[in-house]
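Here is the structure we will look at.
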Amino acid sequence: KPHLAPAASETDGCKRREPLTLDEAFQSHMVLQHTKPCVAGTSNAAVHIRFASVRSDAVHQGCRFVACLPPQTASPTSHTIKVHTNASEITLENVVFGDVFYCV
């Protein structure tokens, strides 16, 4: 089960009734970890993620969600991923799958 880390905007998103927002790290022209390609954000509705013919439902905890795709092969080929609710959609373009390292 994906871990839902609390975010500063967690309660703000619900109060403002924003339909769908992604965390700052998730945007077009990014690399997603190929072994666990997930995106996270806030939504006051059910969230789904689409990539090619794959559709997956997000895991929710309050306003926070994590939506994951099945593991992908690392590749420099760019893809389009759509994150959506019934009322809103965010399109992430030029996304590649590979190894991601965070340094602090």
Side-chain angles (χ1 to χ4, degrees):
K1 180 178 176 180
H3 174 69
L4 294 169
S9 64
E10 181 175 345
T11 55
D12 293 343
C14 282
K15 287 179 185 174
R16 290 193 307 262
R17 305 300 289 168
E18 291 178 2
L20 176 64
T21 59
L22 293 177
D23 292 348
E24 247 180 72
F26 304 108
Q27 41 190 293
S28 292
H29 316 291
M30 70 172 172
V31 178
L32 275 179
Q33 179 63 39
H34 72 98
T35 56
K36 191 166 187 168
C38 298
V39 297
T42 58
S43 175
N44 59 12
V47 176
H48 314 283
I49 185 171
R50 279 185 301 172
F51 164 69
S53 62
V54 177
R55 180 179 181 268
S56 180
D57 298 332
V59 175
H60 283 265
Q61 182 177 10
C63 293
R64 300 280 306 146
F65 74 86
V66 172
C68 297
L69 294 167
Q72 302 294 315
T73 302
S75 168
T77 304
S78 66
H79 302 280
T80 298
I81 296 174
K82 295 188 181 226
V83 182
H84 66 95
T85 66
N86 286 340
S88 184
E89 180 175 273
I90 297 173
T91 301
L92 302 172
E93 297 175 325
N94 193 29
V95 176
V96 296
F97 298 101
D99 287 316
V100 178
F101 298 92
Y102 287 102
C103 299
V104 193

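Just so you know, these numbers come straight off a predicted model, no measurement behind them. Sequence positions, counted from 1, serve as the residue numbers for this chain.
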*Step by step, work out the side chain to side chain contact (heavy atoms under 4.5 Å, CB included) result for His79 and Leu69.*
CA-CA 13 Å; His79 302 280; Leu69 294 167; over 6 Å; no
*Say you draw a straight line from NE2 of His48 to OG of Ser43; how long is it, rounded to the nearest 0.5 Å?*
9.0 Å
*Closest heavy-atom contact between Gly41 and Asp23?*
CA-OD1, 3.4 Å
*For Asp99, does the CG atom have more than 12 heavy-atom neighbours from other residues, nucleotides or ligands under 6.0 Å away?*
yes
*Taking all non-hydrogen atoms of both residues, which atom of Ile49 and which atom of Cys68 are closest, and how far apart?*
CG2-O, 4.0 Å
*Taking every non-hydrogen atom, the tightest pair across Phe65 and Thr42*: CE2-N, 3.4 Å
_Residue pair Asp57, Val47: steps toward the side chain to side chain contact (heavy atoms under 4.5 Å, CB included) verdict_ = CA-CA 6 Å; Asp57 298 332; Val47 176; over 6 Å; no
*Hphob cluster co-occupancy, Val54 + Val39, side-chain heavy atoms under 4.5 angstrom*: yes
*Consider only side-chain heavy atoms of I, L, V, M, F, W and Y, link residues closer than 4.5 Å, and tell whether Phe101 and Val31 are in one cluster.*
no
Under 3.5 Å donor-acceptor pairs involving side-chain atoms of residues 88-98, not counting sequence neighbours:
from, atom 1, to, atom 2, distance (Å)
Glu89, OE1, Arg50, NH2, 2.7
Asn94, ND2, His29, ND1, 2.9

_Looking at every non-hydrogen atom in both residues, tell me the closest pair between Glu24 and Gln27 and how far apart they are._
O-NE2, 2.7 Å
*asked:* Under a plain distance cut-off of 3.5 Å, with no hydrogens placed, do Thr73 and Ser75 share a side-chain donor-acceptor pair?
replied: no
*At their closest point, which heavy atom of Pro37 faces which heavy atom of Pro70, and how far apart are they?*
CG-O, 3.3 Å
*Considering all heavy atoms, the nearest Thr80-Phe51 contact*: O-CD1, 3.7 Å
*Going from CD on Gln72 to NZ on Lys36, what distance comes out if it is rounded to the nearest 0.5 angstrom?*
14.0 Å
